[in-house]
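Shown next, in structure tokens, is the structure this report addresses.
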Number of protein chains: 2
Amino acid sequence: MKVSPRADAALDERTAAQVAELFAAFSDTSRVRLIAALVGREMNVGALAEAAGISESAVSHHLRGLRQMRLVRARKEGRQVYYSLDDDHVAALFQQGLDHVRHG
Amino acid sequence: MKVSPRADAALDERTAAQVAELFAAFSDTSRVRLIAALVGREMNVGALAEAAGISESAVSHHLRGLRQMRLVRARKEGRQVYYSLDDDHVAALFQQGLDHVRHG
DNA sequence: CGTATATATGAATAGTTGTTCATATGTTCA
DNA sequence: TGAACATATGAACAACTATTCATATATACG
């Protein structure tokens, strides 16, 4: 049977760049607070701005990036836009980073 | 019994900054390749430079940062310095990011 | 000792990134 | 329709980061 490729094999430039880009999404204090606020619930831009302590404009800019990376989803309802984490992997990855900081 | 704090509670600025800093360590293509090369083995600076495709000087600069964050360990042997991932959490976090990029 | 080798460091620089401000788009409701 | 509201966008700027180059430290070995 064919074995899966070793996780520690040299990473090609392209894959490494994608991984780096993914982690970069979580590499800013404001974005971390936005993502933390979105774990397990959806929120509109105004509420997110309050939760993260930054302007709604800044939130919008961050959310655009997160949306383009498919880390968050947008749902429009009237004049509000509700954001949520795109899938459980996002929450899990964030949670693991948080755990590392808190314990271990 | 006391329930554990909700993961989605608003994150204080300090914790958010620490989480962001952790993810930032993985947010650069060169560092991702360095860490990938270190999964499951130790390597000296020269070998890491080759594996990541950057100069030894650049490797040294990156490793200093990773050392200060206790993500890698250094072991000196003669005039070589062997680096390894500091603990399994580091490898696990990296692996989860890689998995997200590859599948899901 | 002196030379070669391995790694580290500091300064300089080019490129990137987060935020702000002004403005635009789109929606509701009177 | 028009005013108020929610969100998005673009340009500009300050702050940060990765790399390079030159140089420093440290070890090995003749």
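Every chain is numbered from 1, with letters handed out A, B, ... down the list of sequences.
- By the salt bridge (charged side-chain N to carboxylate O under 4.0 Å, His left out) test, B:E42 pairs with B:R75, sequence neighbours left out.
- Residues meeting the side chain to side chain donor-acceptor pair (under 3.5 Å) test with B:T15, sequence neighbours left out: B:D12.
- The CG-P distance, from A:L48 to D:dA8, rounds to 10 Å in whole Å.
- No donor-acceptor pair under 3.5 Å is formed between the side chain of B:D88 and the backbone N or O of B:A91.
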query = Could you walk me through whether A:L48 and A:L63 pass the side-chain contact (heavy atoms from CB on, under 4.5 Å) check?
reply = CA-CA 10 Å; A:L48 283 168; A:L63 289 175; 4.1 Å; yes

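- A search for ring pair (Phe, Tyr, Trp, His ring centres under 6.0 Å) contacts involving B:F26 returns A:F23, not counting sequence neighbours.
- With sequence neighbours excluded, no residue forms a side-chain contact (heavy atoms from CB on, under 4.5 Å) with A:E50.
- Contact annotation for A:Y82: no contact, since no heavy-atom pair falls under 4.0 Å across all strands.
- Here D:dA8 presents its P atom at 12 Å from CD of A:Q68, a figure rounded to the nearest Å.
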List, one per line, each side-chain donor-acceptor pair under 3.5 Å for residues 64-74 of chain A, sequence neighbours excluded.
from  : atom 1 : to    : atom 2 : distance (Å)
A:R67 : NE     : A:Y83 : OH     : 3.2
A:R67 : NH2    : A:Y83 : OH     : 3.3
A:R73 : NH1    : A:D86 : OD1    : 3.2

Strictly under 3.5 Å: I want the nitrogen or oxygen pairs between protein and nucleotides 20-22 of chain C, one per line.
from   : atom 1 : to    : atom 2 : distance (Å)
C:dT20 : O4     : A:H61 : NE2    : 3.2
C:dC21 : N4     : A:S57 : OG     : 2.8

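- Sorted by first and then second residue, the ring-ring contact (aromatic ring centres under 6.0 Å, His included) pairs with a member in residues 31-55 of chain A form an empty list; sequence neighbours excluded.
- In terms of the side-chain contact (heavy atoms from CB on, under 4.5 Å) criterion, residue partners of B:Q80 (sequence neighbours excluded) are, by chain and number, B:N44, B:Y82.
- Note on B:R64: a side-chain N or O is less than 4.0 Å away from OP1 or OP2 of C:dG10.
- A heavy-atom distance below 4.0 Å to DNA chain D is reached by none of the residues of residues 15-29 of chain A.
- Atom pair A:R33:CZ and C:dT19:P shows a separation of 11 Å (rounding to whole Å applied).
- If you check every strand for non-hydrogen atoms under 4.0 Å, A:E56 touches a base.
- In this entry the distance linking CD of B:Q80 with P of D:dC29 reads 11 Å, nearest Å.
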key: Under 4.0 Å protein heavy-atom contacts per nucleotide of nucleotides 24-30 of chain C, with B for base, S for backbone only and - for none   = --SBB--

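- One atom, CG of B:N44, and another, P of C:dA8, lie 10 Å apart when rounded to the nearest Å.
- With sequence neighbours left out, the side chain to side chain donor-acceptor pair (under 3.5 Å) criterion links A:D99 to A:Q95.
- One atom, CE of A:M43, and another, P of D:dT7, lie 12 Å apart when rounded to the nearest Å.
- Remark: P of C:dT19 and CG of A:L63 are 12 Å apart, rounded to the nearest angstrom.
- Rounded to an integer number of Å, the gap from NE2 of B:H62 to C1' of C:dT9 is 15 Å.
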In a table with atom names and distances, give each donor-acceptor pair under 3.5 Å that connects a side chain of residues 27-37 of chain B to protein atoms at least two apart or in another chain.
from  : atom 1 : to    : atom 2 : distance (Å)
B:S27 : OG     : B:A24 : O      : 2.7
B:D28 : OD2    : B:S30 : N      : 3.0
B:D28 : OD2    : B:R31 : N      : 3.1
B:R31 : NE     : B:A25 : O      : 2.9
B:R31 : NH1    : B:H62 : ND1    : 3.2
B:R31 : NH2    : B:A24 : O      : 3.1
B:R33 : NE     : A:L11 : O      : 2.9
B:R33 : NH1    : A:E13 : OE1    : 3.0
B:R33 : NH1    : B:A52 : O      : 3.2
B:R33 : NH2    : A:L11 : O      : 3.2

